[in-house]
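Just below is one structure, and these are the notes that go with it.
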Number of protein chains: 2
Amino acid sequence: MLQFKQVSKYYQTGQIQQQALKHISEQIQTGEMIGLCGPSGSGKSTLLNICGLLDLSYQGELYFDGHKLDNDPQHCMILRRQQLGFVFQRFNLVPVMSAFENVEYPLMLNQVAIRERKQRVMQILDAVGMAEFAHSKPDRLSGGQQQRIAVARALVHKPRLVIADEPTASLDSHTAHQVVELMKDIGKSHQTTFVIATHDSRMSEHCSRLIQLQDGQILAKETATCV
Amino acid sequence: MLQFKQVSKYYQTGQIQQQALKHISEQIQTGEMIGLCGPSGSGKSTLLNICGLLDLSYQGELYFDGHKLDNDPQHCMILRRQQLGFVFQRFNLVPVMSAFENVEYPLMLNQVAIRERKQRVMQILDAVGMAEFAHSKPDRLSGGQQQRIAVARALVHKPRLVIADEPTASLDSHTAHQVVELMKDIGKSHQTTFVIATHDSRMSEHCSRLIQLQDGQILAKETATCV
Ligand SMILES: Nc1ncnc2c1ncn2[C@@H]1O[C@H](COP(=O)(O)OP(=O)(O)OP(=O)(O)O)[C@@H](O)[C@H]1O
Ligand SMILES: Nc1ncnc2c1ncn2[C@@H]1O[C@H](COP(=O)(O)OP(=O)(O)OP(=O)(O)O)[C@@H](O)[C@H]1O
Ligand SMILES: [Mg+2]
Ligand SMILES: [Mg+2]
């Protein structure tokens, strides 16, 4: 459902050009839960931003459901709203909205009726153990509580592709387990595809396949490990 | 070197008062490396903010080197600059300063001469694998790279007490190991005391003692576990 062909990305800082991704080619099938692993700085977030159609400036080709993405910002924005969910490494919750409103937002963008929105938001907040904090703003929440709201927001509209950048980094074992179980349930019932950057074996051990990055390149499959 | 007596803290949000810490009493000796563990929302960051003299509004008493802290903001600020290092859960790097300048800052506050500053900053950046990024600003760095700069900044002035809020959450095994080794070296050579909130067994297994929080209270010692 997702395919990269020779995808490269460099960052320009003043005179210096840093190659963050180097000719990445890979295919990801519908329903797979991919663990994207690799050292700090190896290019995971960079690759996820491209997969999640947030970064449209790279070299090479990206195919979504067999169609080559033309990087038309309008088209990508519609795709993102309807078919993607993204858990950011820094959460990126909207500070002026409550936990409930943050999670409700993708449903509003997809024009879900108010009663169904309320039910689905409370259901997913409960699944991540955050129902009692529905009316709290992000600055009133702990690190792991904010992360769980970010996860709920990425999943609430049952997107076809979920991109998650270290979704369990701030979680203790119990809440990490809750998040992993939620992802697996949604994956099973909706054939959702997941691409998850992670250093956390509590997450990677549940992935159907691991892809390992090093210095912007994919390492040979046999050696892939997430720790 | 640090003692809490019946420390409590509540957050007021509108009409609701939430008790984040409930009568915490504990003693921490010089040179200990304490792992502070507990579920998401259990009060770890709240307790660290009090230990680190960042939060001066709580009930109960805090003793630093045997002296009861009078919560005089001026006095606490001087203590923080000279004797404390803090790794924040969200890093809190200064966006307009480079990695080098961020790490150099505690040395400037402590009036270290320019030549010695340069040497100490490059030495610690090297110890966390970030020497080649000395001139990068935080927004050019990956999550784990920013975390390592935050760790370097907390340690560079060889403080007597280091408070670290999940310092390895965003790190792969190799860089997590580098950070743990650096903390252990500094602990040995300078008798530094560490209080480290963590969900990460790669960090907690090196701690001399674990303290477990749950719902704002310290659990009985025998059951302490960091996972
Ligand atoms: N500024 C604040 N205002 C109101 N409530 C707060 C505030 N900061 C934290 N809380 C609440 O206090 C409780 C403890 O929060 P704290 O950040 O100390 O948890 P934590 O143990 O560090 O969690 P995590 O592992 O998720 O980082 C949480 O339930 C949180 O909702
Ligand atoms: N906006 C940017 N401008 C310049 N360089 C960048 C930018 N973002 C990332 N980089 C660089 O690109 C490389 C890859 O970064 P990326 O954030 O993808 O790493 P990562 O694998 O997600 O790391 P981590 O595990 O630490 O989050 C890093 O060396 C980083 O310094
Ligand atoms: Mg990253
Ligand atoms: Mg915390």
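Note on naming: letters A, B, ... go to the chains in the order of the sequence lines (proteins, then strands), and numbering restarts at 1 for each one.
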### Message
I'd like to know whether Arg140(A) forms a side-chain contact (heavy atoms from CB on, under 4.5 Å) with Gln18(B), so could you lay out the CA-CA distance, the side-chain angles of the two residues, the decisive distance to 0.1 Å, and finally the verdict.
### Response
CA-CA 11 Å; Arg140(A) 303 287 136 135; Gln18(B) 181 189 8; over 6 Å; no
Please classify the contact of [X] with chain A as side chain, backbone, both or neither, using a heavy-atom distance under 4.5 Å.
| X | result |
| --- | --- |
| Arg90(B) | both |
| Ser45(B) | neither |
| Ser40(B) | both |

Using a cut-off of 6.0 Å, state whether more than 12 heavy atoms not belonging to [X] lie near its atom [atom1].
| X | atom1 | value |
| --- | --- | --- |
| His177(B) | NE2 | no |
| Tyr10(A) | OH | no |
| Tyr105(B) | OH | no |
| Phe4(B) | CZ | yes |
| His23(A) | NE2 | no |

### Query
Would a 4.5 Å heavy-atom cut-off, applied to side chains only, mark Gln89(A) and Gln146(B) as touching?
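No. Closest side-chain heavy atoms not under 4.5 Å.
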### Task
Would you mind telling me which of Arg148(A), Lys137(A), Gln147(A) has the largest number of heavy-atom pairs within less than 4.5 Å of chain B?
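Ranked by contacts with chain B, first place is Arg148(A).
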#### Entry: Heavy-atom contact with chain B under 4.5 Å, split by part of Gln145(A)
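Both backbone and side chain of Gln145(A) come within 4.5 Å of chain B.
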### Rounded distance [0.5 Å steps], CG in Asp200(A) versus CG in Asp172(B)
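So the gap between those two atoms works out to 12.5 Å.
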### Query
Would you find a donor on one side and an acceptor on the other, under 3.5 Å apart, between the side chain of His199(B) and the backbone of Ser173(A)?
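Here the side-chain-to-backbone pair does not exist.
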### Contact leader toward chain A among Gly14(B), Gly41(B), Ala20(B), where contacts are heavy-atom pairs under 4.5 Å
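Among the listed options, the one with the most contacts to chain A is Gly41(B).
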